[in-house]
Amino acid sequence: MASRLDDLIQQRLDKLERIRSLGLDPYPRRYKRTHTTEQAIVLLKQIEDTSKTEIIEISVAGRIMAIRKMGKSSFMDIQDGSGKIQLIFSNTILSEEIVSELFRDLDIGDFIGVKGGLMRTRTGEPTIHVAEFTLLSKSLLPLPEKYHGLQDVDARHRQRYLDLISNQEVKETFRIRSRIIAGIRNYLNSHGFLEVETPVLQPSAGGALARPFVTHHHSLDCNFYLRIALELHLKRLIIGGFDKVYELGRIFRNEGLSIRHNPEFTMLESYQAYADYHDVMDMLEDMVSSVIREISGEYKFKFGDNTIDFTPPWQRLDLRQTIIEYSGIDFMQFPDVISLRNEMQKLNIEVAPVRDRGRLIDELLSTFVEPHLIQPTILYDYPLDMSPLAKKKPGYDNIVERFEAYVCGMELANAFSELNDPIDQRQRFVNQQRSRGRYEEQEVIDEDFLTAMAYGMPPTGGLGVGIDRLVMLLTNQQSIREVILFPQLREKE
RNA sequence: GGGCCGCUAGCUCAAUUGGCAGAGCAACUGACUCUUAAUCAGUAGGUUACAGGUUCGAUUCCUGUGCGGCUCACCA
C-alpha cells in the first residue's frame, strides 16, 4: 500500500493511535527484566548441562529485529545490548483479543519486554516461549535492511545509532575501544600515576605546532584556544611535585581531515619525574603489549594482511642510521636547510620551499622509512630541529633524546627526555617563533610555562600516545572515522 | 584547497549505444503451528542529490552547486 517514507511513517502513527485506543501506553516507564539475552542463552546451556528438564521462566527486553509469521505461531528476534534471542509466540497464548491486536501492530524496531519459558527449538535455537509481552517503545521509522545492514558510509557516520543497531561488528569496535582505554588507565593507575584533568580552553595553545581552534569567552571578553596538546600543563604538575601524572583527553587541531586525522582526537600523555626516554621506552612497551594481551589473549593480532607481534622487546633503531639505510641520506652531513634540500632534490623528492630543516628530515622519514615500519619499532635520537621540548643528548649539539614508536607505518607514540633547562627552553621557543610565525592566532611562547620551569623542573620522561590510532590497529580499521563514534562531518544543507 | 570516483524507492543494489526506471528487504492484503536472510500469492511505493544545458527524447552526455569516498597538499 504505502512505501514512501511519509506513508511508512503514517502507517506507524496509525498503529500508535490504535494502540492508544486499546488503553495501552506505547511508552511506559520501566520494565523489570530478569536476564539479558546473553544471560538467557548462558542459563539455557547451564540447565541443559545439568540435564534438568524443567522449564525456567524468565523475562528479557529488547528491540524487535525480525518478525517471521508462521500462521498460528510467530517468531521474532529481539536484540539488547548483550546480543540477540529468538521469541516464539503461539496462538493459544495470544487468544485474548487486546493482546492479539497489539501483536498485529508490532513492527521491526519496536522495543518489547517479554516473559516466558526458556527452551530450544527443533533446530537448536535458544528461544523464549512468550507467555506475556509488553510494548516498551513504539518505533516510527523503518530500520535499514536486515541482511546488508546500513552500508552508506555517510549515513553510518551521521546516524551512528542506525549503524550500531544494524551492524553488530561496529558495536564490537567500540567495545574494544573502551577496553583499550580502561586497560591503559588500569596500567597507569597501578604503576603509581595520578590521573589529572587540565584545561581545554587555554590562553595560548602550546606543546605542539598545529593550528588551533579559536573561541571567545564573553564575560572575560577574550579569545581562548582549544588545546592542541596536553604537554605544558602536565609539566606544570611535575614542577608542582606530582611525580607521575597522566591525562587521557581530547585535543583539537584545526587541520585537514583524512583517513588518519580527525579535528578532535584522543591523546594519552604521561610524565614521570626522574626518568629519561629509555625508561619511557620500557614503560610504553610494557603498557601497550600488556593491554594488547588483555584484549586479544596474546601479543599478536592481524592488521590488514599483516600479523603484528607486540611481544617485547620491540625493535629499537637509531633514527639517523635508519634514514641512511632507507634513503641513502645522512642528514648529519647536511647541517643546513639548503644543502639538505639540494641533496633531497637529487632523489627527486618534491620539497615545498617553505620547509625548515626539521620538516625536511620529517619528509625523509615519512617517505622512505615509515612505510617499512610494520612491526612495532622504536626510532630514537631525533634532530633538535624538529623537537623544541626535548632534552639534548649528552655530547651532541643537535640531537635530542626523543623516540617515536611506529606500527603498520603509523606513528603510535612520541616521547622524550623532557627539556628542563629554562634558559634553553626559552631560546628554543624564540627560535621556533622566528622560523614559524605561520598562524597569527598562535602564540608560541607560553611565558607562564617558562616561569614555572624557572622554579625548577626535575628530570622527566614524557610520553604521548594517539589513542585513536591504537584503536585502529587493534580493531583492524583503516580509517580513524571507524573508531570515533561521531566523526567530524560537514553540516548537511 | 587540488585531482579522481560516487549520489537511483525507507534500506541493499540493477538499468545494454541516449529510447517505457527494475529487483530483493522493509511496508500493505492474504495463506501457512519449529521459522531463523522463513516460504508462497498479490498490492503499493520514484522530482534518478540539486540547478541549468545539449537532444525528438537524459539515470545515461555537458556545465555548475551540495554532500560523501579515496588521494594529494596541510598537519614537527
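Sequence lines set the chain letters: A, B, ... in the order given, protein chains first and strands last, and positions in each chain run from 1. In what follows, every heavy atom counts, from backbone to side chain, and hydrogens, waters and symmetry copies are set aside. None of these values were measured; they are calculated from a predicted model.
Judged as a ring-ring contact (aromatic ring centres under 6.0 Å, His included), not a single pair has a partner in residues 104-128 of chain A (not counting sequence neighbours). Sorted by first then second residue, the salt bridge (Lys or Arg N to Asp or Glu O under 4.0 Å) pairs that include residues 401-416 of chain A, not counting sequence neighbours, are A:Arg402-A:Glu404. For residues 200-209 of chain A, the set of pairs meeting the salt bridge (Lys or Arg N to Asp or Glu O under 4.0 Å) definition, not counting sequence neighbours, is empty. Applying the side-chain hydrogen bond (donor to acceptor under 3.5 Å, both in side chains) test to residues at least two apart or on different chains, the pairs with a partner in residues 62-78 of chain A are A:Arg68-A:Asp77, A:Arg68-A:Gln86.
Looking at residues 66-81 of chain A, you'll see A:Arg68, A:Lys69, A:Met70, A:Gly71, A:Lys72, A:Ser73, A:Phe75 sit with a heavy atom under 4.0 Å from some atom of RNA chain B. If you check residues 410-417 of chain A against RNA chain B, you find no residue with a heavy atom closer than 4.0 Å.
A donor-acceptor contact under 3.5 angstrom links the side-chain atoms of A:Gln86 to the base of B:rU35. Residue-to-nucleotide contacts include no donor-acceptor pair under 3.5 Å from the side chain of A:Ser90 to the base of B:rU33.
A 6.0 Å sphere centred on CD1 of A:Ile55 holds no more than 12 heavy atoms belonging to other residues, nucleotides or ligands.
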Collect all protein-nucleotide pairs involving nucleotides 9-11 of chain B in which both atoms are nitrogen or oxygen and the distance is under 3.5 Å.
unit_1: B:rG10; atom_1: OP1; unit_2: A:Leu5; atom_2: N; d: 3.3
unit_1: B:rC11; atom_1: O2'; unit_2: A:Glu145; atom_2: N; d: 2.9
unit_1: B:rC11; atom_1: O2'; unit_2: A:Gly149; atom_2: O; d: 3.4

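For A:Asp336, the side chain to side chain donor-acceptor pair (under 3.5 Å) partners two or more places apart in sequence, or in a different chain, are A:Ser339. When the side chain to side chain donor-acceptor pair (under 3.5 Å) test is applied to A:Arg156, the partners found at least two apart in sequence or on another chain are A:Asp163, A:Glu482. Partners of A:Gln159 according to the side chain to side chain donor-acceptor pair (under 3.5 Å) rule, which considers only residues two or more places apart in sequence or in another chain, are A:Tyr161. In this structure A:Gln427 satisfies the side chain to side chain donor-acceptor pair (under 3.5 Å) test together with A:Asn431, sequence neighbours excluded.
Across the interface with RNA chain B, nearest-nucleotide mapping of A:Ser479 and A:Leu257 shows A:Ser479 to be the residue nearer the 5′ end.
Nucleotides B:rA9 and B:rC13 have their C1' atoms positioned 11 Å apart, rounded to a whole Å.
Regarding contacts with the backbone of B:rG69, a side-chain N or O of A:Arg481 is found under 4.0 angstrom from either OP1 or OP2.
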Query raised in the report: Under a cut-off of 3.5 Å for both distances of each Watson-Crick or G-U pair, what dot-bracket string does RNA chain B give, using [ ] for crossing pairs and | for inter-strand pairs?
Result: (((((((..((((.....[..)))).(((((.......))))).....(((((..]....))))))))))))....
